[in-house]
Amino acid sequence: MALDKSRIRTQDEADEPAPIDQVEERVEAKMKRIEGQAKEGVAHGLQDPELEKEAQRLKKEADEELNDFNAKRK
């Protein structure tokens, strides 16, 4: 059976990101969450409320990015 090349769509034509790009986004979001957790621990030790706020912001951003990534996959 021959392929009908007119029916084949590339990732660019379908506006789909490459699988490697999807992994990179997820890894960056997870790294941001880990950074937030580390900063939160340091903030508790130093009793620094500003650092704690930044840590919570990082964790929230990372969670939103991961949720967006998971929503795109469905």
Side-chain angles (χ1 to χ4, degrees):
M1 177 176 197
L3 289 175
D4 182 4
K5 293 184 180 184
S6 66
R7 298 189 71 184
I8 296 174
R9 294 179 59 202
T10 66
Q11 286 178 325
D12 289 336
E13 292 170 339
D15 197 29
E16 294 178 0
I20 190 71
D21 293 337
Q22 294 173 1
V23 169
E24 187 175 322
E25 289 174 13
R26 189 174 71 232
V27 169
E28 287 176 6
K30 286 183 178 185
M31 286 174 42
K32 187 184 286 187
R33 186 161 202 339
I34 291 168
E35 180 182 359
Q37 289 172 330
K39 283 187 178 187
E40 190 172 43
V42 170
H44 285 297
L46 296 175
Q47 297 180 351
D48 185 341
E50 290 300 315
L51 186 58
E52 189 169 354
K53 286 179 187 176
E54 181 183 349
Q56 290 172 350
R57 180 188 58 78
L58 279 172
K59 286 176 28 180
K60 182 179 177 186
E61 283 179 19
D63 287 341
E64 289 171 358
E65 289 173 14
L66 287 169
N67 288 337
D68 289 345
F69 178 78
N70 290 330
K72 287 179 190 176
R73 293 186 68 200
K74 291 181 180 178

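Source: prediction; values computed, not measured.
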Got a sec, which residues hit side-chain contact (heavy atoms from CB on, under 4.5 Å) with [X], two or more places apart in sequence or on another chain?
X	answer
Asp48	Leu46, Glu50, Leu51
Glu35	Lys39, Leu58
Arg9	Glu13, Ala14

Quickly, which of Glu52, Glu54, Lys59 forms a side chain to side chain contact (heavy atoms under 4.5 Å, CB included) with Gln56? Name it, please. Glu52
For Lys32, give me all partners under salt bridge (Lys or Arg N to Asp or Glu O under 4.0 Å), at least two apart in sequence or on another chain. Glu61, Glu65
Considering residues at least two apart in sequence or located in another chain, which fulfil the salt bridge (Lys or Arg N to Asp or Glu O under 4.0 Å) criterion with Glu25? none
Out of curiosity, Leu66 CG to Lys30 NZ, how far, rounded to the nearest 0.5 Å? 6.5 Å
Report the distance from atom CG of Asp63 to atom NZ of Lys60, rounding to the nearest 0.5 Å. 10.0 Å
Tracing side-chain links under 4.5 Å among I, L, V, M, F, W and Y, which residues wind up in one group with Val23? Val27, Met31
Taking all non-hydrogen atoms of both residues into account, name the closest pair between Gly36 and Ala55 and its distance. O-CB, 3.2 Å
